[in-house]
Amino acid sequence: MKERKPGRQILILLPLILISIAIIFFIPIKQALVFEYQNTGKVLAYIPFSKEKNFKIKYTHSIHLSDVVESYTVTEEKKIKQYELMYEDFAIGMPENATDGEIFEQKDGKYYIKNMNRTFPLFDLRIGKVRANHRVLYKNREYPLANYIEAGTWVRIKIEKISLFQQLKGVNILE
């Protein structure tokens, strides 16, 4: 009977272990709201989603210097759906009324367009340098994007599953 050499077993197991680690490390598994650098796929920051799939983007309008809040949810198809817009002034760049199927309301000095059904696979945003102060609102907390992404940076915002490797390279905004 031949005696097995331990070196041969290691040579067989080592590639299997390395392949397993690579799979765990590089296979996208965590669904997140992703802020990627331009359209490169490089994750700058992300918000890992749990059961809560709603988020808002709040910013200061550059002309009338009041807050604008855009409300979004994630659809079953993993797209971003805008369902509400809140603003304080009718000025350049702001809608004066709702479109088909939407509801326009004025309440407590603010204007709302509700029942919006605008769906996007992604959208782009330039993080404000001067006044905009872009913030993400998630689970009743406010996260200034300039704390995680350099002001002036063009980001692409989308919903996607990210790998452990991407999570380690990007910034988890919730932490």
Side-chain angles (χ1 to χ4, degrees), residues 1-60 67-86 115-130 132-175:
M1 184 160 34
K2 258 186 173 178
E3 189 176 316
R4 287 192 169 183
K5 295 181 181 178
R8 186 172 186 167
Q9 289 175 337
I10 290 173
L11 286 176
I12 293 170
L13 287 176
L14 187 61
L16 293 174
I17 291 169
L18 291 175
I19 290 170
S20 298
I21 290 171
I23 288 171
I24 291 169
F25 204 62
F26 292 105
I27 298 292
I29 55 169
K30 183 72 176 168
Q31 186 175 0
L33 175 66
V34 175
F35 299 83
E36 76 176 33
Y37 182 69
Q38 299 175 0
N39 60 349
T40 63
K42 178 184 175 192
V43 176
L44 296 174
Y46 63 93
I47 294 176
F49 278 143
S50 56
K51 291 181 181 181
E52 178 61 44
K53 304 280 192 215
N54 293 339
F55 67 96
K56 298 178 182 192
I57 301 220
K58 182 177 183 180
Y59 61 93
T60 303
D67 284 337
V68 176
V69 179
E70 300 172 349
S71 299
Y72 300 94
T73 192
V74 179
T75 68
E76 291 293 322
E77 298 80 28
K78 310 298 184 244
K79 295 191 178 188
I80 301 169
K81 176 182 156 188
Q82 184 178 12
Y83 65 89
E84 186 176 282
L85 175 67
M86 185 283 299
N115 202 38
M116 297 173 79
N117 191 18
R118 301 177 188 183
T119 304
F120 315 97
L122 54 88
F123 62 92
D124 293 339
L125 174 72
R126 186 170 300 276
I127 306 301
K129 277 187 167 181
V130 181
N133 188 24
H134 288 96
R135 284 99 66 208
V136 173
L137 285 69
Y138 183 68
K139 291 187 174 181
N140 298 316
R141 292 204 47 211
E142 197 168 293
Y143 303 92
L145 288 176
N147 289 356
Y148 312 99
I149 303 167
E150 185 177 343
T153 303
W154 163 35
V155 294
R156 177 154 286 170
I157 301 171
K158 59 186 177 179
I159 306 300
E160 69 179 12
K161 288 187 176 181
I162 57 176
S163 67
L164 181 58
F165 179 73
Q166 289 171 307
Q167 290 176 53
L168 294 173
K169 289 189 77 175
V171 175
N172 182 341
I173 290 176
L174 302 183
E175 292 181 346

Assess, by modelled atom type and distance only, whether the side chains of Gln38 and Thr40 contain a donor and an acceptor separated by less than 3.5 Å.
no
Rounded to the nearest 0.5 Å, how far apart are CG of Leu174 and OH of Tyr46?
9.0 Å
Can you tell me how far CD1 of Ile173 sits from CD1 of Ile47, rounded to the nearest 0.5 angstrom?
4.5 Å
Indicate yes or no: at least one non-hydrogen side-chain atom of Arg135 is less than 4.5 angstrom from one of Asn133.
yes
Answer yes or no: are there more than 12 heavy-atom neighbours, outside Lys53 itself, under 6.0 Å from its atom NZ?
yes
Under the ring pair (Phe, Tyr, Trp, His ring centres under 6.0 Å) test against Phe55, which residue among Tyr138, Tyr83, Tyr143, Tyr72 passes?
Tyr72
Taking the six-membered ring for Trp and the full ring for Phe, Tyr or His, determine whether the centres of Phe165 and Phe25 are under 6.0 Å apart.
yes
Can you find a pair of side-chain heavy atoms, one from Leu145 and one from Val155, that are under 4.5 Å apart?
no
Main-chain N/O of Gly152 paired with Arg126 side-chain donor or acceptor, under 3.5 Å:
yes
Could you walk me through whether Leu44 and Tyr148 satisfy the side chain to side chain contact (heavy atoms under 4.5 Å, CB included) test, starting with their C-alpha distance in whole Å, then the side-chain angles of each, then the deciding distance to 0.1 Å, before giving a yes or no?
CA-CA 8 Å; Leu44 296 174; Tyr148 312 99; over 6 Å; no
Do Val136 and Phe35 come within less than 4.5 Å of each other through their side chains, counting heavy atoms only?
yes
Without swapping roles, check the side chain of His134 against the backbone of Gly128 for a donor-acceptor pair under 3.5 Å.
yes
Do you know which of Lys158, Gln166, Lys42 makes side-chain hydrogen bond (donor to acceptor under 3.5 Å, both in side chains) with Glu36?
Lys158
If you count the non-hydrogen atoms of other residues, nucleotides and ligands that lie under 6.0 Å from OH in Tyr37, is the total more than 12?
no
CD of Gln167 to NZ of Lys30, rounded to nearest 0.5 Å, is 7.5 Å
